[in-house]
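Side chains are part of it too, since the values below use all heavy atoms of this structure and drop only hydrogens, waters and symmetry mates.
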Amino acid sequence: MARLPAPPDLDWTPEGTPVARQFDDVYFTTADGLEEARAVFLAGCGLPERWQGRRVFTVAETGFGTGLNFLALWDLWRRTRPSPTAQLHFVSFEAHPLAESDAARALSAWPELSPLAERALARWPACPRGVRSISWPGEGVSLTLHIGDIAEALPRSVFSADAWFLDGFSPSRNASMWDQGLYPLIAARTAPGGVAATFTVARAVREGLSTAGFEVSKQPGFGRKRERLEARFAGSGAPAPGALAWHAPASPAGKVAIIGAGIAGACVAREARSAGLQPALFDPKGPGAGASGNPLALIMPRLDAGDTPQARLLIDAYLHAQAAFQGLPGAEMTSVHQSPRSDEEAARFAKVLADPPLPLEDLEAVAGGGLLHKRALVVRPKQILEDCMAGVACHFGAPVETDLAALRVNGDAFDAIVLASGMGIAAAGPWLGLTGKLGQVEHAAGQTPAPASAVAAGHYALAWGEERLWGATYAPATDGEAHVSAAAQAANAAALETLAPWWHRQASQSAVTSHAGIRATTPDRLPVAGALPDIARARRVFAPLARGQSVDAPAPCLPGVYLVGGLGSRGFTFAPWLARLVIAGLTGAPIPAARPSLEAVSPMRFILRGLKRGTLNPAP
């Protein structure tokens with residue numbers, strides 16, 4: 001299977017309705033797709049009455065298509081939102097995402113939706129397989145789109161829906177969207193008392209829903225369709241999360257303390273504020289005091305040749321950072337020319353290009369076996385941090401005392417605590433195996449003004465305006481302190497001469513300032529994000545792993561305490577995505593990631609590996 005999904009092959013009716021040639025079916029009725037969406041899905045799910053009095057409401061959909069159902073729902077939400085802090089989450093699945101231009105053409109039929117359509121199209125999801133997450137905080141609306149075959153994506157999703165729009169193409173034309181194996185998965189992701197609606201009354205659909213625990217009834221149809229279905233879930237839903245899966249809190253958080261004001265903590269604060277929470281940010285030194293304080297930083301993807309969970313999460317994180325920072329005053333889009341450092345790396349680049357994980361808008365080949373990352377970002381960390389922390393209560397320049405068991409920081413009580421303090425989280429999780437890596441960059445100001453640009457080959461060289469920055473070294477932080485050194489400066493200068501000879505001489509002859517920071521790095525070079533495990537109980541529960549036995553049990557965690565860390569040298573690339581995962585987790589919102597990605601960044605992974613490998617002793 002190709003890593004990029006095939007776009008739909010479309011025809012268009014004289015009325016402007018898109019038709020999928022693969023399924024010989026329309027995306028919506030040629031009569032009036034918007035009224036069909038309102039009658040079949042909105043009214044069929046009892047909206048807006050069902051979300052009245054709710055703080056969080058989640059709707060899931062099979063088949064995103066043009067996004068018409070999403071816009072119809074958003075339009076209704078704007079007119080009937082239960083409260084200014086209420087949150088609407090929309091989760092959808094799409095195997096063949098439409099191009100923005102095709103979606104715009106289809107949606108132009110409804111001028112009344114144009115203000116919302118313009119906002120959605122401006123942030124139209126990128127097409128690579130994976131999970132895209134987009135939010136409009138002022139509206140209290142978020143979209144989580146799983147791109148890929150629903151038979152693969154639905155089992156990997158993590159959410160609980162209050163309502164379902166079952167809107168694949170006709171069951172007689174697209175049987176895979178209505179496969180009998182999907183109904184138990186839908187039921188497992190439906191809240192007690194949740195509802196579902198669909199345009200079809202096919203027997204297989206009725207039986208599938210009924211067998212999965214739904215009470216199904218036929219209702220008058222819309223337009224030429226005489227009947228449609230409504231269903232109410234009578235089961236309990238919520239499959240067991242497992243040792244590495246996400247744990248939803250007993251009740252959504254309100255006040256959240258965030259420890260650490262680097263890019264990880266700042267992004268968590270931004271997400272918390274957007275989700276309607278009350279974040280408070282604590283750091284004894286202040287914002288950007290560590291590795292997040294460099295004058296410039298680069299956001300570009302790390303691309304693996306294989307289609308693994310790790311490779312997919314790297315793409316998801318990069319695309320999320322790209323969307324999160326694009327358009328901010330402290331970020332500028334640019335292309336990055338990445339040259340291979342060896343024949344082995346050139347061969348890996350060739351494999352990446354043979355089955356690219358990003359479309360041509362983002363990635364292409366360049367002469368010499370290199371890669372051109374066409375929508376990367378150069379950022380000014382100070383401005384990014386300021387933007388993330390706007391409107392957040394900040395407590396800087398004083399010691400920070402935490403009582404994790406009591407959820408107290410400096411004596412004040414919180415509903416949740418997020419530890420995002422770089423190497424500081426090692427005290428709460430020594431079993432994470434974090435090590436500090438010392439990174440040094442060189443910075444020169446007062447240069448000839450230049451647009452944002454970047455080149456990379458292990459090291460990197462950045463230019464933006466009158467600033468130049470190059471580096472970075474990567475060495476053990478032997479004493480836990482960030483020291484600058486002449487040796488690191490010389491290594492960076494040698495790399496710069498290769499990377500950017502056209503401005504190497506001018507920059508290196510200017511006044512150069514060295515910046516050093518310690519990057520918290522995990523043994524497997526992937527970050528950690530999730531609930532903080534209760535190590536004592538985890539060692540007891542999973543002790544059989546040390547004897548080669550299997551254990552099927554949820555991970556014991558410290559209630560209300562979360563981690564974000566181990567970002568290594570990719571802090572600005574990982575932080576926005578990890579922050580959204582954590583805030584979704586502690587508010588009970590849909591998790592904008594596939595289950596394998598959550599498992600790959602789960603803090604519990606190191607406890608389980610330690611018990612299996614004998615490097616962590618089980619409790620007696």
CZ/R537: more than 12 non-hydrogen atoms of other groups inside 6.0 Å
yes

So how far is it from L166 CG to Y183 OH, rounded to the nearest 0.5 Å?
7.0 Å

From Q310 atom CD to I315 atom CD1, the distance as rounded to the nearest 0.5 Å:
13.0 Å

What distance do L358 atom CG and L319 atom CG have between them, rounded to the nearest 0.5 Å?
5.5 Å

Mark yes or no for whether R189, through its side chain, and L185, through its backbone, hold a donor-acceptor pair below 3.5 Å.
yes

Can you check side chain to side chain contact (heavy atoms under 4.5 Å, CB included) on Y318 and W577, steps first, answer last?
CA-CA 8 Å; Y318 168 66; W577 180 69; over 6 Å; no

Checking the side chain of D304 only, and the main-chain atoms of G306 only, is there a donor and an acceptor separated by less than 3.5 Å?
no

Contact between Q87 and S142 at the side-chain level, heavy atoms closer than 4.5 Å - yes or no?
no

List the atom of R81, the atom of A86, and the distance in Å for their closest heavy-atom pair.
NH2-O, 2.8 Å

On a heavy-atom basis, the closest approach of F572 and S292 is CZ-O, 4.0 Å

Go through it in stages, so that I can follow the logic: the residues are E386 and K382, the test is salt bridge (Lys or Arg N to Asp or Glu O under 4.0 Å), and I'd like the CA-CA distance, side-chain angles, deciding distance and then a yes or no.
CA-CA 6 Å; E386 289 175 351; K382 185 174 184 287; 2.9 Å; yes

If I compare all heavy atoms of G422 with all of A520, which pair ends up nearest, and what's the gap?
C-CB, 3.8 Å

Is there a donor-acceptor pair under 3.5 Å between the side chain of R595 and the backbone N or O of L244?
no

Would you indicate whether the side-chain heavy atoms of F90 and I134 approach each other to under 4.5 Å?
no

If I compare all heavy atoms of A321 with all of I299, which pair ends up nearest, and what's the gap?
CB-CG2, 4.1 Å

Name the residue from I607, L616, V551 that meets the side chain to side chain contact (heavy atoms under 4.5 Å, CB included) definition with L545.
V551

According to side chain to side chain donor-acceptor pair (under 3.5 Å), who are the partners of R408, at least two apart in sequence or on a separate chain?
none

Check against side chain to side chain contact (heavy atoms under 4.5 Å, CB included), L314 and F574:
CA-CA 8 Å; L314 292 169; F574 276 133; 3.6 Å; yes

With E152 via side chain to side chain donor-acceptor pair (under 3.5 Å) - residues at least two apart:
R312

Please examine the side chains of T473 and L438, heavy atoms only from C-beta on, and report whether any two atoms are closer than 4.5 Å.
no

Using 0.5 Å steps for rounding, measure from the OG atom of S160 to the CD1 atom of I591.
11.5 Å

Run the side chain to side chain contact (heavy atoms under 4.5 Å, CB included) test on I258 and V392 for me, step by step, so that the C-alpha distance in whole Å, both residues' side-chain angles and the decisive distance to 0.1 Å come before the verdict.
CA-CA 10 Å; I258 302 149; V392 174; 5.7 Å; no

Taking side chain as C-beta onward, heavy atoms only, is F41 less than 4.5 Å from L47?
no

M389 versus F396: any side-chain heavy-atom pair under 4.5 Å?
yes

For D415, check side chain to side chain donor-acceptor pair (under 3.5 Å) against everything at least two apart and list the hits.
none

Side chain to side chain donor-acceptor pair (under 3.5 Å) filter on W77, not counting sequence neighbours, yields none

Does any part of the side chain of V601, heavy atoms only, come nearer than 4.5 Å to the side chain of L313, both counted from C-beta?
yes

Tell me, which pairs form a ring pair (Phe, Tyr, Trp, His ring centres under 6.0 Å) where one or both residues lie in residues 129-152, sequence neighbours left out?
F70-W136, W74-W136, F93-H146

Considering only heavy atoms from C-beta outward, does the side chain of S133 approach that of H320 to under 4.5 Å?
yes

Scan for side chain to side chain donor-acceptor pair (under 3.5 Å) pairs involving residues 268-290, sequence neighbours excluded, and state none if there are none.
E271-R580

Which heavy atom of S176 sits nearest a heavy atom of L182, and at what distance?
O-CD1, 3.6 Å

Are F542 and M604 side-chain neighbours, meaning at least one heavy-atom pair lies under 4.5 Å?
yes

If you measure from CZ on R519 to CG on L434, what distance do you get to the nearest 0.5 Å?
15.0 Å

Apply side chain to side chain contact (heavy atoms under 4.5 Å, CB included) to residues V216 and E207 and explain how you reach the verdict.
CA-CA 9 Å; V216 182; E207 292 178 348; over 6 Å; no

Are the charged groups of R129 and D307 less than 4.0 angstrom apart, N to O?
no

Measuring from D524:CG to R609:CZ, what's the distance to the nearest 0.5 Å?
4.5 Å

So, does T521 use its side chain to make a donor-acceptor pair with the main chain of G436 at under 3.5 Å?
no

Do R55 side-chain atoms and P82 backbone N/O form a donor-acceptor pair below 3.5 Å?
no

Neighbour count >12 (heavy atoms, 6.0 Å) for atom CD, Q549:
yes

How close do R50 and D162 get, counting heavy atoms only, and between which atoms?
NH2-O, 3.6 Å

Would you say R348's side chain and A305's backbone share a donor-acceptor pair under 3.5 angstrom?
no

